[in-house]
Amino acid sequence: MAPTTEVQARFGPSIPGTDPSAPLLAVEELRVEFRTRAGIAKAINGVSFEVNSGETLAILGESGCGKSVTAQAIMGILDTPPGFITGGQIKYRGVDVLKRSKEERRQIRANKIAMVFQDALSSLNPVFTVGFQLAELFRKHRGMTRSDGKKRAIELLDLVNIPAARQRVNDFPHQFSGGMRQRVMIAMSLALDPELLIADEPTTALDVTVQAQIMNLLADLQRERNMGLILITHDMGVVADVADRINVMYAGRIVEKAPVFDIYAKPSHPYTKALLESIPRVDLKGQQLNVIKGLPPNLTQIPVGCSFSPRCRYAQDVCKADPPPPLYPVQPGISSACHFWKEVRGDE
Amino acid sequence: MGRYVVRRLLQFIPTVLGTLFLLHYLTSMAIQFGGNPVRSLFGDRTPPEEQLRQMTEQFGLGDPCLQQKGNPCFGLFWERMQDIFLRFDFGQSLAPRRDVTDVLADALPYTIKLTIIAFIVEAVLGLAAGVLAGLRNGKFSDYVVRIVTVLMISVPIFVSAVLVQKFVGVKFGNWLRQDLDAPEWLGRGLFGAAYKAEFPWLSLILPGIVLGMLTLASTARLTRGSLLENLRADYVRTAKAKGLTTNRVIGVHTLRNSLIPVVTTLGLSIGGYMAGAVVTEGVFRVPGVGFTILKAIATGEPMVLIGLTTVLVLVYLVLNLFVDLLYAVLDPRIRYE
Ligand SMILES: Nc1ncnc2c1ncn2[C@@H]1O[C@H](COP(=O)(O)OP(=O)(O)OP(=O)(O)O)[C@@H](O)[C@H]1O
Ligand SMILES: [Mg+2]
C-alpha cells in the first residue's frame, strides 16, 4: 500500500466513488437562484459544460451574467442564503458533488479544485502575512509543521516569480503591488496540486502588461501540471491566446460553445458577434465603437423567450414567443442557442 | 512608532492642563462666591483672625485672588501645576487633614478592583453575546441579544445602579438573608446592597456588573455588526475556497478581523468606567476614587478634587494611547508616522 500513501501525502485523500476515466468536471443543467427581498433572481438557468485535464475552457460574458456564481456553485462556496442551487449536477470525475457531505466537499476544495479570485487585495486576509496564508494550507491539509510550511510557501512564491521570496514571505498583502498580489493568489491556489483551477477574472484589476504576464504564468503552470483550467472573463482579448474552447454566457445561460479559433473566425450567436464587434480595433481607429445597445435582462423577471432578443438585430417574433432556444449543433464542437444561427454565420 | 508615541505624549499636555484649569477655575469660584472653606473647620466658633489666615495659607488657599469674584487665578494655577507635576505634591485635604496622595492611595485599589470586574463582565459577556448573535444572524438568539442590548443601552447608569441595588441588593438580598438564612458571603457579600470591607472582592461584584453593563451592550452590538460585515468579506470566501474547516474560517480568518474595532471600544470603555465609577461607587458606597470625588464635591475640598481628577484624566489618556498602539499591532495596514 506504499504508493497510495505517497499519493495521499502529495494530493490528499481520494474521493470515494470517483472514476479516473470520467471527465474532470462536468456541469449539467445547473440552476442557481437568489432569494432576495426584491424577488427571486434566477442567476443560472441550466448551464452545462465539461472540462478535462490539460484543457482550458474560457467562460465569457458581460458583468452580471452569472460567471462568478457558476464558479462559486462548483466550489461550494455560494452564500446560502440568499443563493440556492435549485437543479442540475456538478460532477467531479463522475461523482455528483452536490450529493456528497459537507466534509467531502471541503476535501475536494482543499485538494482537487482550487480557485483564483478577481480582486486579490480583498481576497487575501489583510491581517496575516502571505507566508502564513500559504503555509496554512500545508499545515492544515498536509500536517506539516510551521517551519516546513513556510519553506513550501517560499518555494511557491518562487514558482510564481516573486523576487526575493525569502523576505517577501513575511510581508502582508497590502505591501505587494497588484500584479504581485495576484501571483500570490495563484501560488495559493496551486499549493496543493489541484486537478482543476478556476480563475475568476484573474486579470481584471490589473493593467495590460501585467495582465499578459499573469495570463502567461497561468498558461505555463497549467501546461506543466496538466491541470484543467476554467478561465472566467468578460474580455475576449484576454483569452484568445490561452483558451482551447470558449463558452459564451448570457443571463445565466450558455448561448454559444466553440473552439477559440472558430469563435473569432465565425461566431454563431448574435451576442458573440456583437461582443466581437465591440472590441476596439487599432485598424479602425477614429470610428465609433460598436457597443451592444440595451441592457441585460433583470434576473428577477426574465422574459419568456430568448433573453437576448430585446437587444438582438436578428430577432423575430418567434424569439420572443417561443421558449429560449436550445443549443443547436452547428458543427462538431460548435453549438449555438439561436434560432437563426445560419443567418448569423452567413452560411446558406 | 517611537516618534508617534512622543508626539502623542506631547499632545497630553494641553489636554491635561485644559481639564485641570477648568477644575481649578470652578473650585476657585466656589471659594470666591462661597467663602473660605477653611473657616468651616472651626464649626460654629469664630476663629481668631491670625490663626485662620495662617491655616488658609497652609492649605494653599491664601492667594488674594481667591477673594476677587470671577478672577481666574492664573498665578495660583501655575503654582499648583508646578507642585503637582514637578514636586509630585498634590496638596492636603481639609478634614481630616491628610496628604491628597494618601487619600488617593487609599481609594485607588477599590476603583481598580471595580474596573477589573467591570471589564471582565463587559469583555466576556459582550463578546460572547456579540459573536453568538453574529453567527446566528436572524435567528432567535440574535433577536434576544439585539432586544436586550437596546434595553440596556437606553437605561442610564444612575438608573440601573439604583434599580440593581434596590431589587438585587435589598429585595433579593433580604430574602436570601432572612428567609433562606443564606451564608454570610452570599447574603451580605455577593448580594449585599453596599460594599462590605469583610468581602473585598465579593461585594464589589454587583457594582462591577452594573458598571460593566454601561458598555457591555454597545460592545455586543459592535461585535455582532463587525462579525457580520467580515463574514461577507472576500477573504472569508477565499478561506472557504481553501478547504479550511468552518471553525478555522470563522475562528481565525473572520474573528481576528472582526475584533479589531471591538478592542478599541473595550480599551476606551475602561476610560468610561472612570466616569461611571462616580455613580456606581456613590450608590454602592464603595470607598474608591469616584466616591471620594463625590465627597470632595459635597464638602468643598479643592485639592482632593483636583488631585484625583488629575489621576483619572491621566489614566484615560494613557489608555487611549495604549489602544491606538494596540490597533497598530492588530491591524498591520496601520502604521503611525
Ligand atoms: N449574494 C448575492 N445576492 C444576490 N444576488 C446575487 C448574489 N451574488 C450574485 N448575485 C446575482 O447573480 C447574478 C450573477 O452574478 P455574478 O457575480 O455571477 O456575475 P459575473 O458574471 O461574475 O459578473 P462580473 O463580471 O461583474 O463579475 C447577478 O445578477 C447578481 O446580482
Ligand atoms: Mg464575477
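Residues of residues 126-138 of chain A lying within less than 4.5 angstrom of chain B, judged on heavy atoms, are A:Pro126, A:Val127, A:Phe128, A:Phe132, A:Gln133, A:Glu136, A:Leu137 in numerical order. Heavy-atom proximity under 4.5 angstrom to chain A picks out nothing from residues 113-139 of chain B. Contacts of residues 228-257 of chain B with chain A at a heavy-atom distance below 4.5 Å involve B:Asp234, B:Tyr235, B:Arg237, B:Thr238, B:Lys240, B:Ala241, B:Lys242, B:Gly243, B:Leu244, B:Thr245, B:Arg248, B:Val252, B:His253, B:Arg256, B:Asn257, listed in sequence order. For residues 147-161 of chain B, a heavy-atom distance under 4.5 Å to chain A picks out no residue at all.
Per-residue counts of heavy-atom pairs under 4.5 Å with chain B were compared for A:Glu103, A:Gln118, A:His141; the largest is that of A:His141. Note on A:Gln72, A:Gln175, A:Met115, A:Met75: by heavy-atom pairs under 4.5 Å with chain B, the leading option is A:Gln72.
B:Phe85 CZ: more than 12 foreign heavy atoms inside a 6.0 Å radius.
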